[in-house]
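Only one structure is covered here, and it is reproduced in the block below.
Computed over heavy atoms, backbone and side chain alike; hydrogens, waters and symmetry mates excluded.
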Amino acid sequence: MAPLADFDWNAYESGDTQVNESREAQEKAYEGSLNKVNDHEVVDGTVIAMNKREVVVNIGFKSDGIIPMSEFRYNPDLKVGDKVEVYIENQEDKKGQLILSHKKARATRSWDRVNEALENEEIIKGYIKCRTKGGMIVDVFGIEAFLPGSQIDVKPIRDYDVFVGKTMEFKVVKINQEFKNVVVSHKALIEAELEQQKKEIISKLEKGQVLEGTVKNITSYGVFIDLGGVDGLIHITDLSWGRVSDPKEVVQLDQKINVVILDFDDEKKRIALGLKQLTPHPWDALDPNLKVGDKVKGKVVVMADYGAFIEIAPGVEGLIHVSEMSWSQHLRSAQDFMKVGDEVEAVILTLDREERKMSLGIKQLKADPWENIEEKYPVGSKHTAKVRNFTNFGVFVEIEEGVDGLIHISDLSWTKKIKHPSEFTQIGAEIEVQVLEIDKENRRLSLGHKQLEENPWDVFETVFTVNSIHEGTIVEMLDKGAVIQLEYGVEGFATPKHLVKEDGSQAQLNEKLQFKVIEFNKESKRIILSHSRIYEDAQRAEAKEAKKNTSNAKKGVKKEEAPIIQNQAAATTLGDIDALAALKAQMEKGE
């Protein structure tokens with residue numbers, strides 16, 4: 001190649017290489033090849049190099065800018081050649097370096113970008129920065145947007161922390177222009193796809209169909225199964241043929257299981273699934289030789305006031321009603337006999353294989369006390385019983401479990417007038433009884449307490465004869481009269497007109513007076529007394545005697561007969577004296 005004829009070698013040697021043009025012209029040409037940029041301006045650039053710490057961006061300026069990699073952490077897919085927006089902080093620092101910021105560029109355009117994304121339903125990327133109450137904070141275009149926990153996925157999220165630091169795709173679902181709040185959703189992106197999958201799955205559903213699913217959620221009432229985009233529910237009663245108190249006893253989260261479709265609604269939005277239906281019913285495997293009267297063993301699985309459910313085999317239960325727990329007829333709760341978890345033995349009372357029902361009893365393990373009641377508790381026999389309950393007419397007692405009886409209030413005492421049994425005894429106390437009558441059909445005994453002693457009214461009949469006079473004390477005043485306490489602990493009654501004293505005054509409470517028996521009724525145990533009759537009879541006798549003496553005087557008849565002595569004590573017969581002696585001896589013997 002021939003050398004240029006006009007090349008200035010002297011200029012070359014001095015370092016001046018301009019040829020036909022001035023330095024200014026060359027600089028002007030160079031400047032014209034560069035982009036015109038201004039400080040605090042947002043421009044587009046191209047990534048030309050990157051490492052773990054820095055990203056080199058070319059914006060067509062005389063120098064390239066360096067941006068920290070941390071500003072691109074929301075975009076893990078960044079690579080050389082990608083276009084990025086940058087904010088020019090300074091065209092040239094002290095070192096002549098171009099200072100750029102990607103973060104400020106995003107912030108400058110972020111609000112416009114986020115509004116465009118909402119309007120155009122654009123899918124954008126965001127970086128999940130941290131957790132917050134109810135969800136996550138996501139960096140979108142440099143704006144901190146809120147991602148609700150319910151919008152992360154179509155499945156319930158159990159661990160939010162696994163999403164922190166991830167970059168995911170989102171859709172802007174809501175913007176509050178006033179407060180500059182942005183809400184994004186990842187769930188919205190996959191719902192459309194799942195909806196299509198759901199339609200395809202639902203269109204193929206049939207009752208009885210067996211499908212594989214994944215345990216999505218466990219609640220107290222059942223288990224939700226993901227069938228591949230559509231959810232179904234296994235109710236807790238359809239998890240196992242046996243009783244299940246907690247579904248976690250049968251399945252675990254994320255477990256893959258086979259389920260059978262039991263039912264779904266017309267729109268197939270609610271799908272009922274079953275797990276136990278995939279195995280034979282336990283009743284079908286029950287021992288065919290098992291029959292009424294056989295003894296079985298089982299575990300108490302459920303308690304109620306009316307009885308207990310006993311599981312004799314997985315999925316096979318029988319009910320022991322509280323009435324079949326004891327021969328006693330007293331109302332009691334089943335909890336008095338057993339509790340959940342107890343191992344019990346029982347007798348089969350009824351067995352219905354078609355209805356899959358069984359009733360059991362435990363009292364049948366003991367002999368029925370009423371089978372030989374006449375031999376064990378014959379009429380006239382004496383026993384110790386326990387007071388169970390009161391009524392106005394008597395006392396209910398229990399001689400032994402299952403053997404009850406009634407003591408009528410009239411059979412408590414020979415002499416005391418008892419208005420209510422609580423005056424005589426108390427609930428829970430022991431009382432001596434004698435069997436008076438047996439009602440086997442109604443499982444009741446008629447009992448007596450006073451019959452354990454001799455009837456003192458047989459003696460009273462000879463002591464408190466009509467017209468006999470006895471000392472008594474007024475112990476109670478009533479509207480219709482007064483109760484008089486006599487000797488031997490017996491009581492009598494006097495009406496108001498028989499309580500008038502000789503001076504015309506009325507007898508008072510606790511006053512001790514003489515009383516004449518005017519009526520004695522052994523059967524009703526009633527003694528009617530009168531204080532007034534004593535002096536009234538004496539007055540009548542005196543009047544009669546005076547009249548007689550006057551009559552004899554008129555006739556001149558000489559009276560020689562002995563005067564009549566009005567002394568009731570003298571009227572007492574020998575038999576009466578013997579009866580009193582016997583009563584006294586009996587009382588002394590009793591003491």
Side-chain angles (χ1 to χ4, degrees), residues 392 409-426 449-542 565-591:
N392 291 330
I409 194 168
S410 62
D411 288 317
L412 288 172
S413 173
W414 288 113
T415 57
K416 292 183 181 178
K417 291 188 179 298
I418 301 170
K419 297 177 182 178
H420 191 272
S422 59
E423 300 173 7
F424 188 83
T425 184
Q426 59 185 2
H449 175 73
K450 71 181 185 181
Q451 287 77 4
L452 297 171
E453 302 173 352
E454 292 186 15
N455 186 357
W457 286 86
D458 293 337
V459 178
F460 294 160
E461 187 177 23
T462 62
V463 174
F464 300 101
T465 57
V466 174
N467 292 326
S468 61
I469 297 175
H470 307 270
E471 186 177 69
T473 302
I474 300 175
V475 293
E476 187 177 1
M477 298 297 294
L478 305 171
D479 292 339
K480 296 182 179 181
V483 178
I484 316 299
Q485 181 70 55
L486 302 172
E487 60 262 62
Y488 312 125
V490 70
E491 293 178 347
F493 185 79
T495 60
K497 72 176 184 178
H498 290 291
L499 294 172
V500 179
K501 295 191 286 187
E502 191 170 4
D503 61 3
S505 62
Q506 194 78 12
Q508 300 299 315
L509 184 67
N510 296 325
E511 193 169 353
K512 186 179 290 186
L513 300 168
Q514 294 291 318
F515 291 91
K516 177 179 281 190
V517 178
I518 58 176
E519 182 184 339
F520 180 91
N521 190 318
K522 177 182 175 181
E523 300 302 323
S524 62
K525 302 177 181 60
R526 182 176 63 193
I527 302 175
I528 305 299
L529 305 170
S530 175
H531 171 71
S532 307
R533 189 69 61 85
I534 295 175
Y535 65 81
E536 288 174 352
D537 287 350
Q539 290 172 354
R540 281 194 292 269
E542 289 177 1
I565 301 174
Q566 296 296 326
N567 187 340
Q568 294 298 328
T572 303
T573 64
L574 183 60
D576 294 337
I577 295 173
D578 291 340
L580 285 170
L583 179 60
K584 182 178 180 182
Q586 179 183 345
M587 292 177 65
E588 290 175 349
K589 183 178 180 181
E591 292 176 356

Quiz: residues 476-484 side-chain donor-acceptor pairs under 3.5 angstrom, not counting sequence neighbours:
none

* side chain to side chain contact (heavy atoms under 4.5 Å, CB included) evaluation trace for Phe464 with His470 -> CA-CA 8 Å; Phe464 300 101; His470 307 270; 3.6 Å; yes
* From CA spacing to verdict: side chain to side chain contact (heavy atoms under 4.5 Å, CB included), Glu471, Lys512 -> CA-CA 7 Å; Glu471 186 177 69; Lys512 186 179 290 186; 3.4 Å; yes
What I'd like to find out is whether the side chain of [X] reaches to under 4.5 Å of the side chain of [Y], using heavy atoms alone.
X      : Y      : value
Arg540 : Arg533 : yes
Asn467 : Lys516 : yes
Lys497 : Ser532 : no

* **Residue pair Tyr535, Val500: steps toward the side chain to side chain contact (heavy atoms under 4.5 Å, CB included) verdict** => CA-CA 10 Å; Tyr535 65 81; Val500 179; 3.9 Å; yes
* Structure fact -> Scanning both residues in full, the closest heavy-atom pair of Gln514 with Ile469 reads OE1-CG2, 3.3 Å
* Per the side chain to side chain donor-acceptor pair (under 3.5 Å) rule, which among Glu536, Glu519, His498 passes with Ser530? -> His498
* Quick one: which of Leu499, Thr495, Leu486, Ile518 gives a side chain to side chain contact (heavy atoms under 4.5 Å, CB included) with Leu529? ->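 Exactly one pass, corresponding to Leu486.
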* Asked: Say you draw a straight line from NE2 of His420 to CD1 of Ile409; how long is it, rounded to the nearest 0.5 Å?
  -> 7.0 Å
* Could you give the distance from CD (Glu487) to OG1 (Thr473), rounded to the nearest 0.5 Å? ->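 Going from CD on Glu487 over to OG1 on Thr473, the span is 10.0 Å.
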* Should Ile527 and Val517 be marked as a side chain to side chain contact (heavy atoms under 4.5 Å, CB included) after you check the CA-CA gap, both sets of side-chain angles, and the distance that decides it? -> CA-CA 7 Å; Ile527 302 175; Val517 178; 4.2 Å; yes
* Just by distance, do the side chain of His531 and the backbone of Phe515 share a donor-acceptor pair under 3.5 Å? -> no
* Enclosure of Glu511 CD (heavy-atom neighbours >12, cutoff 6.0 Å) ->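 Atom CD in Glu511 is packed in, count exceeds 12.
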